[in-house]
Every structure is written in structure tokens, then in C-alpha cells.
Amino acid sequence: MIYIHDNTFDGFLTSIFEIYDLKILPDDICGEKNLQPSLFADKRKVTTDADKSRRVLAGLKKKLSAHGVNSIYKCWLSEQKGIEMVLFRYISYALKSQRNIESDFSNNDVLEVSQVVKKINREIHRMHAFVRFQKTSDEVYAATIVPDFDVVTLLAPHFKERYRNQHWLIYDTKRQYGIYYDQQEVIEVKLEDAQWEGRNKVRRSVLAEEEKEFELLWKSYFKATSIVERTNLKLHLKHVPRRYWRYLPEKA
Amino acid sequence: MKLSTNEKLQILADAAKYDVSCASSGSNRKNTANGLGNTSKMGICHSYTEDGRCISLLKLLLTNYCIYDCAYCVSRKSNDVPRAAFTVKEVVDLTINFYKRNYIEGLFLSSGIFKNADYTNERLIRIAKSLRTEHHFNGYIHLKIIPGCSEEVMEEAGLYADRLSVNLEIPTERSLKKIAPEKNHTSVYTPMNYLTGRISLYNDEKRRFKNAPKFAPGGQSTQLVVGASPESDFDILHLANNLYSDQKLRRVYYSGYIPISDDNRLPALKAPPLIRENRLYQADWLLRYYGFTVDEIVNEQHQQLDLTMDPKMMFALRNMHLFPVNVNTAEREMLLRIPGVGVKSVNMIIKARKFRRLGYEHLKKIGVAMNRAQYFIEVSGRPLGMVSSDPDKIKMALAAREKRNQLTLF
Ligand code: SF4
């Protein structure tokens, strides 16, 4: 049986509920967007149900620590192909086990979950580092990003705490949504026909006048602080992979 | 001639870059109601220089005018370089505007010495104070304490800074006298010891009162220049170890001497001793995170770190009688001593082996570097083939591997 959900986390958890309810093991669990045509397998379209998804979470909370439950959500955000089946096996193992299984790293699924979580955490950390705000003429500090995983909402706590005193926007131009802070709260936003410049950057015409100057100063700083005698581009690239360059003024 | 901020920035960032410390970690400053910024416990590197070092803080000298003439330093008074000095406002504006754009975690401010230590330090403090009190800035501030600084001045510095550092630079007094005639170790150790006492007092108070006024919550650090004087790694690591245990320093930085001057007080190096510097950092990690004693790493017979292999491997090959280690039963302390096994892997092994016996494949998947670890562990499921326990053969095998890796690079 292939369980098909609506590409939401609730939809995925509802699928888990139905698997247990119907007692039919999944051949695959898959979002409707990623569905591959297949002639043979039975398919079941799952209707997302907040109550069912809540019950699955409640069951998991009895078996896993808060960190463990959170790991499932983070893995989900990885959008990695096949992650639903890994999560399904992880969840079934957790549910049937007497003890907490989060650190059973010789189990393939537990190890995989921990490794995917590590990747997600690294991506969050990179975004904390590589987000570059540009001040717009209406005093919003705006940044565009294209993270490897769908982590933009997980960036809210860090930036909210740090930049309490300014309006800011962090926008994922690939997944076409972002988070906006108005000095009160962070909200999820989707810009209707957003127009970007170059490779999905904030348009020059909306930037504050001083913006250019500070980017220039930052570039000067970046250049001056390197030690030529020690140049090691391999190490440099390892820390700042090329795919992040386009949003870094010092590398652009 | 009046220099623009940009021109000053180029001169004064260039002059500041030889202080290799750039950490923004270890502090606990939170944002305030209408403030800007906070510190991150782990620190964040916002970019990396083209030599691969973390850029976390805006690292500047307030000025590179200096009345001293330390041979190893670009800013020494006898060196013919362009000089500049920032105003308070320039440094404050740069810090705030870079911070708001998420370029940096904060400011690292140092300076050449003009007039005397206190006069110089007071100017640095003025900037930190303006950031904290006028601009409600709660990001990271690292201030340099100039050797010879008075207690009153340090008291004020600690109020605004997250981290303070007095640089030892040259490991022994004898060598220091030769290359930095105006300096002596007393003028470094006196402020360092004062800070040690003051910071531990703060840590005490913090435990007892919730609102104890902060004093350098990120602790203090120092820097040692490596290769400008004849000290061995044995001398350097013993010194570092004392700095950690007695002075309670958070970090000791090792800066491979970069031949910036043809001053005849210094050795003529062709290139900075980067591999040696890297080995010292590895040894430093073994001291701080792996529970090694200095004598396990260097001792009277082995005074220098080996440039061809990491210090943990060196230790293992000298102590084959301690191996192989059984990963399913060994204590944490021994797991940490296996080459190719890092702290994270050790933590995973200890948790995972409670569920079942771990085999070769498990370790590999967990992330153990088997090419190095294989000679030192006892584990089932190891692929067939001779695994030597003869240190010379292991050395040869590792060297051959190294060579193969280099071949694939070109
Ligand atoms: S006192 Fe400091 S800035 Fe001045 S020459 Fe010596 S090391 Fe350089």
C-alpha cells in the first residue's frame, strides 16, 4: 500500500495513524507532489486530520524525549527522498520498544535520523551565520536565502531574540515563503508576485542609500583581514561552500 | 591628510589580523528590552578568510601608532607602514551597522600603545562603554588589555567586555627580552593574574546572586607566537597547561610566526610554521577535551610534536601496550585515546553499546575513522586482512595512505 499525504507534517502524521488503524504496512509513504506513477501498488489518499496527527504525537511523547519528537519534525523538513519510510520505521521501533530508543545508534533508522538531524542543525547554524540583511528604504532589514533544507521557520527564535529592535524579513526564494518580524512577533509570509534582482536578491532600487557604503566597507574588511602568507583556499571553500556565495556581499 | 573610514579600516584591520583569536563563544549576554544583539554560547563564524580562519568579530586596532618596537609586530615603531587612528564614533558605527546586517557577532578591539598602557586601554573602554550604554548593544565585545594596565582600568573594562585578553606572545622571558625590549613577563602576568582572581570572583557571585554585575563573562584568553623564538613544543604546551590550570584561561591561541620583518632579532623563516601551529592546536584539544596530560603528548624524550602525524597517533604508537582497546567494554577515558575516534563518536559508542554489542560496521557508520582506528581497537566483524600492531609498520601504512590521498589531489 502507498499512503499519499498532502505534503504537510500533519498529513504525514495522519498517514502514520492510518497505517496503525488499517493494520496494512506501507510500501511507501509519499506526498502527492512527489508521487511517481506506479501501476501495481495499491494507493490510499490520506485526508489530513489534525486530531489524528495530535494523537500520534501524543503517543510518541510517551516513548521519546522532547528532543526525540523534535528530531522527527526536523527530519521531515529535510525533504529527503524516502525519509518518510525511515521515519515510519523509527516511529514503529519507538512505539513498540519498552525503553527509549533515541541513542540506539547501531540501528540503521535511529542512526539515519540522528544523521539527518545533524545535517538540519548544521544548515540552521549556517543560516545563522550566512543570512545577510540589506536595509531597505523603508527600514526593513531584508535577506533572501536558498537553504538546502526547508529550515526558514526554524530560524525565527534566533533572529527574533537578536534583532528585537528592527523590522526584518528572511525569505526563502526557492520555497517561496519566509518569516517577517515587525518588532512584535514573527509571522510566516508569502509575497505575491515577488520581484527579485539577479539571482534572487533584494532589488537594488528598494535599498536604503547607505546600504552600498556598508557593503563596501564590509568587503574592505574581509579583504584586509585575510593573511596572504597563509592562503588556503581549500579550507576556505570547505567552510564557505560556493552555493552560499551569492548572498554574501564579501564573496559576490 | 585626512583618511576616509574605508582607508582607515583597510589599515587597521590589516594590522589587527595577526591576533588570531576571533572566538565569540563562552559568554552569556542576553538581549535587553530595546537592545541590539545577544551572544551565542557556541559562537558563530559569519564568514571565513581566504586562509580559512573564522571571521566572527570585527577585529580592529584603534590605532597602529605605537611607541614600542617589538620585532615580531607589523606595527612596531621602526616599521615604515601607513598609520591611522579611528575615532570612537567610527568604530561604534561600523560595529552597529555590521551587526545589524548580521555580518558579525561583535567587536574585537586592540591597539598599538600610544603614551602608555592605561591611556590606551581607557580609549578602548570608551568605545565599549558607548556601545553598551548609548547603543544598548548586547553583542560580543573582546577587549585587549595592554600589558602594564592598572587594576582600576581593568575593573572598568570587565564591566563592558565579554572577553579580555593579555597576550604573552613570546613563551619565555629570555626570548621576549631579545625581541621586545620594552616588554617583560611581569607586565603581562600581573594583569593576567588580577583578571583570573576577578573573573573567578564573578563566577562565584553569579552562582549566588541572580543579578550579579557581569565581569568578563566570556573569561580571558591569551596568544603565543610560535616559531619566532627557540622554545620547544614541550615548553609551549607546559606553559599552556599552566595557563589553563592556574590562570583558568578559556583559550590559548597559537599564532605561527609570519615572517613580516627582516629584523635580525628574528629567525629567517621562508614560510609561517603552519603545520606546527596546527599540531599545537590538536595537542591543545587533547588537553582540554580528551583528558590528556601534557606528559602523554610531549615529554623529556619527545620534546617536539611530530609534523607528519597528529599528536594522538603519536601517543598511541609510543604506547602500544595500552592497545587494542575493546570498544564494547573500555572506559570512556580509553575510548578517547584511540586515534580516529573523536569526542562525538565516543559519546555515541557509549550510548549505543547499551543496546547491543557493537561491530566493525557499526563503528564505521557512526563515523569512526577506521583507517586510523583499525590498529588500536578490538571489535568483531573486522574485514579479513592483516592488521599490524607493529608501530613501524603502522607508520608506513599511514604514510602510504597519505601519499595516495595526495596523488588523487593532483
Ligand atoms: S606593543 Fe603591541 S602594537 Fe606595539 S609593537 Fe609591540 S606588539 Fe606591536
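Residue numbers begin at 1 in each chain, while the letters A, B, ... track the order of the sequences.
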Completion exercise
In short, B/Ala352 meets A/Ser106 closest at the heavy-atom pair CB-N, 4.3 Å
Handout entry: Residues in residues 15-28 of chain B near chain A [non-hydrogen atoms, under 4.5 Å]
Key = B/Lys17, B/Tyr18
Practice task
Sort B/Arg353 into side chain, backbone, both or neither according to what part of it lies under 4.5 angstrom from a heavy atom of chain A.
Solution key: neither
Practice task
To the nearest 0.5 Å, tell me how far A/Arg230 CZ sits from B/Ile258 CD1.
Solution key: 5.5 Å
Practice task
To the nearest 0.5 Å, tell me how far B/Asn6 CG sits from A/Ser220 OG.
Solution key: 3.5 Å
Exercise for the section: Would you confirm whether B/Arg53, through its side chain, and A/Thr225, through its main-chain N or O, come within 3.5 Å as a donor-acceptor pair? Expected result: yes
Problem - Leading residue by heavy atom contact count with chain A [cutoff under 4.5 Å; candidates B/His136, B/Gln10, B/Met348] - result: B/Met348
Practice task
Please confirm whether the backbone N or O of B/Ser47 pairs with a side-chain atom of A/His239, one donor and one acceptor, at under 3.5 Å?
Solution key: no
Exercise for the section: Evaluate whether atom CZ of A/Arg199 has more than 12 neighbouring non-hydrogen atoms of other residues, nucleotides or ligands under 6.0 angstrom away. Expected result: no
Exercise for the section: Report yes or no: does A/Glu250 contribute a side-chain atom to a donor-acceptor pair with the main-chain N or O of B/Tyr103 at less than 3.5 Å? Expected result: no
Handout entry: Min side-chain heavy-atom separation B/Arg101-A/Glu211 under 4.5 Å
Key = yes
Handout entry: Heavy-atom donor-acceptor pair, B/His46 side chain to A/Ala129 backbone, under 3.5 Å
Key = yes
Problem - Within 6.0 angstrom of A/Glu209 CD, more than 12 heavy atoms from elsewhere - result: no
Practice task
Report the option among B/Ile366, B/Leu36, B/Leu58, B/Ile55 that has the most heavy-atom pairs separated by less than 4.5 Å from atoms of chain A.
Solution key: B/Leu58
Handout entry: chain B contacts, top residue of A/Glu229, A/Lys251, A/Lys223 (heavy-atom pairs, under 4.5 Å)
Key = A/Glu229
Exercise for the section: Among the options B/Thr32, B/Asp14, B/Asn31, pick out the one with the most heavy-atom pairs lying under 4.5 Å from chain A. Expected result: B/Asn31
Exercise for the section: Start with the C-alpha gap between B/Lys351 and A/Glu102, add the side-chain angles, then the distance that decides, and say whether salt bridge (charged side-chain N to carboxylate O under 4.0 Å, His left out) holds. Expected result: CA-CA 9 Å; B/Lys351 285 180 180 161; A/Glu102 283 162 48; over 6 Å; no
Problem - Inter-residue atom distance B/Tyr99.OH - A/Tyr163.OH, 0.5 Å rounding - result: 5.5 Å
Exercise for the section: Give, as side chain, backbone, both or neither, the part of B/His362 having an atom under 4.5 angstrom from any heavy atom of chain A. Expected result: side chain
Problem - Interface moiety of B/Leu358 toward chain A, non-hydrogen atoms closer than 4.5 Å - result: side chain
Problem - Minimum heavy-atom distance between B/Tyr48 and A/Val240, given as atom pair plus value - result: CD1-CG2, 3.6 Å
Handout entry: Proximity breakdown for B/Phe98 and chain A, heavy-atom pairs closer than 4.5 Å
Key = side chain
Fill in the blank from the handout: chain B shares the most heavy-atom pairs under 4.5 Å, among A/Tyr244, A/Phe130, A/Tyr221, with A/Tyr221
Handout entry: A/Lys135 versus B/Asn97, side-chain donor and acceptor atoms under 3.5 Å
Key = no
Completion exercise
Max heavy-atom pairs within cutoff under 4.5 Å with chain B, candidates A/Leu235, A/Val110, A/Leu217, A/Leu233, goes to A/Leu217
Problem - Polar contact flag, side-chain donor to acceptor under 3.5 angstrom, B/Asn102-A/Arg132 - result: no
Handout entry: Pick from A/Trp218, A/Tyr141, A/Phe222 with the largest number of heavy-atom pairs that fall under 4.5 Å of chain B
Key = A/Trp218
Problem - More than 12 heavy atoms of other groups within 6.0 Å of A/Lys190 NZ - result: yes
Practice task
Kindly check if the number of other-residue, nucleotide or ligand heavy atoms within 6.0 Å of CD1 (B/Ile275) is above 12?
Solution key: no
Handout entry: A/Arg164 (side chain) donor-acceptor with B/Gly35 (main chain) under 3.5 angstrom
Key = no
Exercise for the section: For B/Asp51 and A/Ser226, work out which heavy atoms get closest and say how close. Expected result: OD1-CA, 3.5 Å
Practice task
For the pair A/Gln166 (side chain) and B/Lys100 (backbone), establish whether a donor and an acceptor sit closer than 3.5 Å, ignoring hydrogens and angles.
Solution key: yes
Practice task
Specify which of A/Gln134, A/Arg99, A/His125, A/Gln115 makes the most heavy-atom pairs with chain B at under 4.5 Å.
Solution key: A/Arg99
Problem - Winner by heavy-atom pair count (cut-off under 4.5 Å) against chain B, out of A/His128, A/His236, A/Arg162 - result: A/Arg162
Problem - Contact class of B/Ile349 relative to chain A, heavy atoms under 4.5 angstrom - result: neither
Practice task
Name the region of B/Ser40, side chain, backbone, both or neither, that has any atom closer than 4.5 Å to a heavy atom of chain A.
Solution key: both
Practice task
Look up atom CD in A/Glu210 and atom CG in B/Asp93, then write down how far apart they are to the nearest 0.5 Å.
Solution key: 10.0 Å
